[in-house]
Amino acid sequence: MLYVILSVVLVIADQLTKALTVKNIPFEESINVISGILSFTYIKNSGAAWGIFSGGRYFFIIFTALVLIALTFVIIKKRTANKIFNLAISLIYAGAIGNFLDRIFRHGNVVDMIKLDFINYPVFNFADCCVVIGAVLLCVYIVFYYDADKARLKEKTAESSEENGNG
């Protein structure tokens, strides 16, 4: 339940930052936050990172809906005690919902505003941060914890089977 609440809070934070951006920053203009490092620049992105697949609103809506269905299944059916896995899924879920809401309610566009001025990198948003951090954590889980969790589950299943006289 904690991770569901976390996802809801992150979606609210994402939508709030987007609403504040739309309200306070003129389209395609920037506000310098930390000179040479960070600025807030309001753009609309109808594609994915770097604007690839621009205009693919319905593709992204369908794809994201499928991802959200899969993640809902993972949240319900593949519960684990591993906090890294649970946090990763919560972050990815929240980020997907945040950008999904934009694509539905903002005519297929996602509001982006975070610009790193010290490198040539696309403008992004809070939901994107959630997805990327969640994906990194999911990789950490897979590399360092997945096999141990799998072995524990197998052991638990064997114990349960023996207790029920099926062993």
Side-chain angles (χ1 to χ4, degrees), residues 1-35 37-80 82-142:
M1 187 62 163
L2 172 67
Y3 296 102
V4 172
I5 293 168
L6 174 63
S7 290
V8 169
V9 168
L10 292 172
V11 169
I12 291 169
D14 172 65
Q15 292 300 298
L16 183 61
T17 59
K18 290 172 178 174
L20 288 170
T21 298
V22 169
K23 182 179 180 189
N24 296 302
I25 302 173
F27 182 62
E28 294 186 340
E29 293 204 16
S30 296
I31 295 174
N32 191 28
V33 178
I34 302 172
S35 185
I37 297 175
L38 176 70
S39 61
F40 291 140
T41 303
Y42 172 26
I43 67 162
K44 296 175 185 177
N45 185 356
S46 66
W50 288 277
I52 59 173
F53 302 120
S54 282
R57 175 185 188 187
Y58 297 107
F59 166 78
F60 287 115
I61 288 173
I62 292 167
F63 178 76
T64 305
L66 294 173
V67 168
L68 289 171
I69 290 167
L71 288 173
T72 301
F73 174 80
V74 168
I75 290 167
I76 293 170
K77 295 288 187 181
K78 302 292 183 184
R79 290 185 210 166
T80 176
N82 189 289
K83 292 177 181 170
I84 293 173
F85 176 81
N86 294 330
L87 180 59
I89 296 301
S90 295
L91 286 163
I92 295 168
Y93 197 75
I97 289 173
N99 284 339
F100 184 69
L101 291 172
D102 275 21
R103 292 200 190 282
I104 291 172
F105 296 112
R106 296 185 193 274
H107 309 289
N109 295 304
V110 172
V111 172
D112 288 331
M113 79 292 291
I114 304 169
K115 184 171 187 294
L116 302 175
D117 296 323
F118 61 94
I119 58 174
N120 183 16
Y121 195 78
V123 179
F124 55 97
N125 61 45
F126 185 79
D128 298 334
C129 294
C130 290
V131 170
V132 170
I133 293 168
V136 169
L137 288 175
L138 188 58
C139 289
V140 167
Y141 169 78
I142 290 168

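What you see is a predicted model; the values in this text were computed from it and never measured.
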Check: So, for Cys129 and Ile114, which heavy atoms are closest and what is the spacing to 0.1 Å?
Finding: SG-CD1, 4.3 Å
Checklist line | Short side-chain to backbone donor-acceptor contact, Thr17 and Asp14, under 3.5 Å | finding: yes
Note to self: To check you understand the geometry: which heavy-atom pair defines the closest contact between Leu38 and Asn32, and what is its length?
What the structure shows: O-OD1, 3.5 Å
Next item on the list: Mind checking the CG-CZ spacing from Asn45 to Phe124? Nearest 0.5 Å is all I need.
Entry: 13.0 Å
Check: Taking all non-hydrogen atoms of both residues, which atom of Phe40 and which atom of Ile25 are closest, and how far apart?
Finding: CB-CD1, 3.7 Å
Margin query: When you measure from the side chain of Ser7 to the backbone of Ser90, do you find a donor-acceptor pair of N or O atoms at a distance under 3.5 Å?
Written below: yes
Next item on the list: With rounding to the nearest 0.5 Å, note down the distance linking CG in Asn99 to CG in Asp112.
Entry: 7.0 Å
Next item on the list: Return the orientation label for the Tyr141 and Phe85 ring planes: parallel under 30°, perpendicular over 60°, tilted otherwise.
Entry: tilted
Check: Checking side-chain contact (heavy atoms from CB on, under 4.5 Å) for the pair Lys18/Val110: CA distance, chi angles, key distance, verdict?
Finding: CA-CA 9 Å; Lys18 290 172 178 174; Val110 172; 4.2 Å; yes
Next item on the list: Output the distance between atom CD1 (Ile133) and atom CG (Asp128), rounded to the nearest 0.5 Å.
Entry: 11.0 Å
Margin query: Can you give me the closest heavy-atom contact between Phe126 and Leu10, atom names plus distance?
Written below: CE2-O, 3.5 Å
Next item on the list: Return yes if some donor-acceptor pair links the side-chain N/O of Gln15 with the main-chain N/O of Gly98 below 3.5 Å, else return no.
Entry: yes
Next item on the list: Begin from the C-alpha positions of Thr72 and Tyr93 and carry the test side-chain contact (heavy atoms from CB on, under 4.5 Å) through to its verdict.
Entry: CA-CA 8 Å; Thr72 301; Tyr93 197 75; 3.0 Å; yes
Checklist line | Distance (rounded to the nearest 0.5 Å) between Tyr42 OH and Ile31 CD1 | finding: 12.5 Å
Next item on the list: Can you label the angle between the Phe63 ring and the Phe59 ring as parallel, tilted or perpendicular, going by 30° and 60°?
Entry: parallel
Next item on the list: First locate atom CG of Leu87, then atom CG of Leu91, and finally report the distance between them rounded to the nearest 0.5 Å.
Entry: 4.5 Å
Item checked: Minimum heavy-atom distance Asp117-Ser39, with the two atoms named -> OD1-OG, 3.1 Å
Margin query: Could you report the tightest heavy-atom contact between Val111 and Asn125, atom names first, then the distance?
Written below: O-ND2, 3.0 Å
Next item on the list: Would you check if Ile69 and Phe73 make a side-chain contact, meaning some heavy-atom pair closer than 4.5 Å?
Entry: no
Margin query: Just verifying a value: how many Å separate Thr41 OG1 and Leu116 CG, rounded to the nearest 0.5 Å?
Written below: 10.0 Å
